[in-house]
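By convention in this document, chain letters (A, B, ...) are assigned in the order of the sequence lines, proteins followed by strands, and residues within each chain are numbered from 1.
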Number of protein chains: 4
Amino acid sequence: MAAAKGEESKKKLLKAAEKLFAEKGFQSTKVSEIVAHAGLTQAAFYLYFASKEEILQHLLSEFEQQLGNFGDAGKKAGDFYPGRVQPYVKDQFVQLFSFLGKNPSLTKIALHHGKHGDRIREKIVAQIAGNMKENQNKGIVKKEIDPQIASEAIVAVTERLIDRYLWNGEKTKEELGAQAAQIFLHGILNES
Amino acid sequence: MAAAKGEESKKKLLKAAEKLFAEKGFQSTKVSEIVAHAGLTQAAFYLYFASKEEILQHLLSEFEQQLGNFGDAGKKAGDFYPGRVQPYVKDQFVQLFSFLGKNPSLTKIALHHGKHGDRIREKIVAQIAGNMKENQNKGIVKKEIDPQIASEAIVAVTERLIDRYLWNGEKTKEELGAQAAQIFLHGILNES
Amino acid sequence: MAAAKGEESKKKLLKAAEKLFAEKGFQSTKVSEIVAHAGLTQAAFYLYFASKEEILQHLLSEFEQQLGNFGDAGKKAGDFYPGRVQPYVKDQFVQLFSFLGKNPSLTKIALHHGKHGDRIREKIVAQIAGNMKENQNKGIVKKEIDPQIASEAIVAVTERLIDRYLWNGEKTKEELGAQAAQIFLHGILNES
Amino acid sequence: MAAAKGEESKKKLLKAAEKLFAEKGFQSTKVSEIVAHAGLTQAAFYLYFASKEEILQHLLSEFEQQLGNFGDAGKKAGDFYPGRVQPYVKDQFVQLFSFLGKNPSLTKIALHHGKHGDRIREKIVAQIAGNMKENQNKGIVKKEIDPQIASEAIVAVTERLIDRYLWNGEKTKEELGAQAAQIFLHGILNES
DNA sequence: TATGAATGAGCGTTCATTCAT
DNA sequence: GATGAATGAACGCTCATTCAT
């Protein structure tokens with residue numbers, strides 16, 4: 001009934017790797033450190049993962065899976081705001097924030113890791129850009145905005161604020177979400 | 001007329017290191033690769049730099065030096081827009097863009113490199129936040145904006161757009177600057 | 001029954017290092033040579049010792065530990081020769097010889113290695129000088145002798161004779177001990 | 001009239017090498033250090049010496065040359081003490097001391113350097129042993145003494161006392177010579 | 001399921017030595 | 001006679017990975 005002992009070890013390794021990869025980066029994290037944090041030996045590592053690279057992939061695909069759900073949630077959420085445009089857009093924004101903030105270390109790893117990061121980021125950006133284009137057609141979003149660029153900006157900011165303020169508990173997800181939404185939706189300037 | 005041969009080699013090494021550090025990160029870049037790109041032997045590297053770490057520092061301090069000038073420029077620029085607030089703010093924005101865009105690889109290295117990156121980023125953010133606070137007091141920037149957060153956002157976006165669009169020539173500095181300014185100054189939404 | 005395999009390898013490395021350090025000195029001995037003699041790879045070396053320096057320290061402290069015992073032995077031995085002074089002094093002399101001769105390579109390494117060697121030699125010299133001073137007070141040793149210098153001389157000779165004659169089996173410990181005692185106790189000249 | 005400039009540089013290099021070899025040993029002394037002490041460049045070194053090894057040989061042969069003179073001096077000195085045996089022997093002893101003490105660093109280098117050191121030491125030992133054997137035949141030196149061993153002892157002590165007390169000026173050549181002679185000629189024990 | 005022991009390949013660094021000027 | 005610049009070869013050390021038990 002209890003999870004097989006092996007499965008537990010595998011989880012410990014994944015947790016350790018996630019923490020360390022996020023803290024020090026993939027290259028700088030040694031297999032020896034991962035197993036030390038997991039309370040196992042180096043040989044045990046290779047019982048569960050073929051290589052250091054593979055445990056990263058495992059983490060990354062875990063993240064990508066959750067990413068799929070996010071997309072669906074976004075779609076569905078649209079239906080709940082018939083007619084009221086601003087709350088809808090704002091809510092989508094907060095959702096992204098909430099989603100990426102749920103797993104800050106995974107987010108950091110996923111978006112920072114060269115090739116893989118690019119692919120994943122592209123996915124998120126595309127999703128947001130798609131939504132934005134729709135909203136542009138509906139007249140909600142300004143015509144002058146390049147959805148591609150704006151989406152990149154949104155992701156970059158989300159990523160950064162999570163890393164800077166959420167990670168260490170300096171701000172809450174809600175505070176950050178509100179601020180980010182405020183900035184992106186209305187800009188920082190007073191209307192003259 | 002010809003620059004001392006040694007100085008040339010040093011520059012070649014710096015150029016190569018800059019390129020590679022930006023492309024693959026510090027850890028993943030091997031000294032052997034740097035010297036290969038510079039057309040020298042490994043031993044020659046240590047004629048000019050005490051360690052791989054030191055060439056990074058060299059690059060970093062080069063960047064920080066330019067950073068100082070950027071701050072001064074920002075201050076002076078303020079005087080040129082008496083009464084016209086928006087162009088002033090926008091211009092400042094574009095300047096940051098222009099400044100960081102002038103040396104994309106150095107920017108990437110500087111802001112991505114753990115401890116050092118944090119310090120440098122903090123410097124830039126503080127400078128922008130300072131300006132923003134002033135403009136907030138003057139009623140130019142919205143009261144609800146947290147200058148700290150907004151500045152982090154601005155830097156994050158600038159960094160990302162440079163890396164994504166400028167690096168490969170997909171967009172020009174001006175295009176990006178305009179788009180970013182647009183987003184940050186007025187937001188993406190149409191006024192309803 | 002069998003000693004743990006790792007412990008065996010460690011011992012092999014220590015034996016090899018001892019031999020080579022004694023033969024060619026610390027600096028001239030390469031880690032590659034040590035492991036070759038031990039039948040291991042270079043990486044294995046660092047499984048047991050953090051650095052080349054550390055294996056030297058290990059050897060040195062092993063020697064110093066034995067050194068402590070030597071001091072005690074000397075003290076106790078004094079009690080066994082009540083009233084008969086010459087055999088007592090001679091025996092102490094032979095003991096030093098026997099002690100250092102038990103591990104010629106370790107002795108060579110220990111006394112030849114700069115800072116460390118100086119400290120260890122000082123220890124031995126001080127011990128002998130202490131004894132000698134006592135015997136001087138008892139009227140056994142000549143007043144004109146400077147115990148410090150005489151002790152340095154004794155150690156130097158012991159060291160050299162071991163290295164020259166014991167190492168290659170040309171003389172036995174007893175022969176050397178007898179000759180050295182003879183020289184130091186009564187000198188080389190006939191009484192005229 | 002002035003010595004050629006090249007000859008001066010060569011001398012500077014020899015002086016520097018002598019000092020450094022004595023202080024830190026041959027292996028641990030880098031060519032870069034030698035030239036730094038001599039105020040020259042590394043390339044200049046190879047104008048005068050084919051290799052690091054060669055400058056050592058140069059130093060060594062310089063020492064060996066002086067050694068020849070020492071042997072002759074010993075022989076001649078014998079004639080000046082007709083009938084008075086002890087002063088003669090003692091004087092020879094002091095001469096060795098004086099000779100080796102004249103160039104402590106060269107002495108240290110010469111006697112410490114493996115193969116070469118062995119050859120040179122052998123030469124000195126043989127010379128002393130030869131004299132001692134003569135004196136043994138004349139009844140001056142005890143029959144029981146093995147001249148070979150005694151000579152090794154004498155050289156070892158001389159070498160050590162020079163290194164320990166002369167080098168830093170703690171004792172003078174004369175003090176050391178007297179003490180050493182005292183020990184070796186008459187031993188440390190009181191006649192009971 | 002897990003480990004203790006070992007390794008191959010490579011990395012950053014050093015150093016005696018060379019050569020064009 | 002001397003130098004600035006460069007190098008080949010090796011060294012100490014690290015690390016992801018393997019394998020017998």
For C:K30 and E:dC15, give me the distance from atom NZ to atom P, rounded to whole Å.
10 Å
Check each residue of residues 51-60 of chain A for a non-hydrogen atom within less than 4.0 Å of any atom in DNA chain F, then write out the ones that pass by number, or none.
A:S51, A:K52
Can B:E23 and B:K108 be counted as an ion pair, charged N to O under 4.0 angstrom?
no
In this structure, how many angstroms lie between the P atom of E:dC19 and the CZ atom of D:F45, rounded?
17 Å
State which of E:dC19, E:dT17, F:dA16 makes the closest approach to the side chain of D:V31.
E:dT17
E:dA6 phosphate, OP1 or OP2: any side-chain N/O from C:Y48 under 4.0 angstrom?
yes
Report the residue (C:Y46 or B:L40) whose heavy-atom-nearest nucleotide on DNA chain F is the more 5′ of the two.
B:L40
Protein-nucleotide distance (D:F49, atom CZ; E:dC15, atom C1'), rounded to Å
19 Å
For D:S9 and F:dA2, is the shortest distance between a side-chain N/O and OP1 or OP2 below 4.0 Å?
yes
Using the side-chain heavy atoms of C:A4, tell me which of these nucleotides is nearest: E:dC19, E:dA5, F:dT14.
E:dA5
When all nucleic acid strands are considered with a 4.0 Å heavy-atom cut-off, which category describes D:T29: base, sugar-phosphate, or nothing?
sugar-phosphate
Does B:S32 make a side-chain N or O approach to OP1 or OP2 of E:dG10 shorter than 4.0 Å?
no
Are B:K5 and F:dA5 close enough that a side-chain N or O sits under 4.0 Å from OP1 or OP2?
no
Residue B:L47, side-chain heavy atoms: nucleotide from E:dA6, F:dT7, E:dT3 that is nearest:
F:dT7
Select one nucleotide: of E:dT3, F:dT7, F:dG4, the one nearest the side-chain heavy atoms of B:T41.
F:dT7
What one should report as the nearest heavy-atom pair of A:I34 and A:L13 is CG2-O, 3.8 Å
Taking the side chain as everything from C-beta on, heavy atoms only, tell me whether A:F26 gets closer than 4.5 Å to A:K52.
yes
The Watson-Crick or G-U wobble partner of F:dT21, with both key distances under 3.5 Å, is E:dA2
salt_bridge(A:E159, B:R160) N-O dist < 4.0 Å:
no
Charged N to carboxylate O below 4.0 Å: is that the case for B:K24 and B:E33?
yes
CD of C:Q42 versus P of E:dC11: gap in Å, rounded?
16 Å
Do any N or O atoms from the side chain of A:T107 and from the backbone of A:L100 form a donor-acceptor pair under 3.5 angstrom?
yes
Flag this pair as yes if the NZ/CZ of D:K10 is under 6.0 angstrom from the six-membered ring centre of D:F49 and inside a 45 degree cone about the axis; otherwise no.
yes
In whole angstrom, what separates C:E7's CD from E:dA6's P?
11 Å
Select from B:G39 and D:A44 the residue whose nearest nucleotide in DNA chain F is closer to the 5' end of that strand.
D:A44
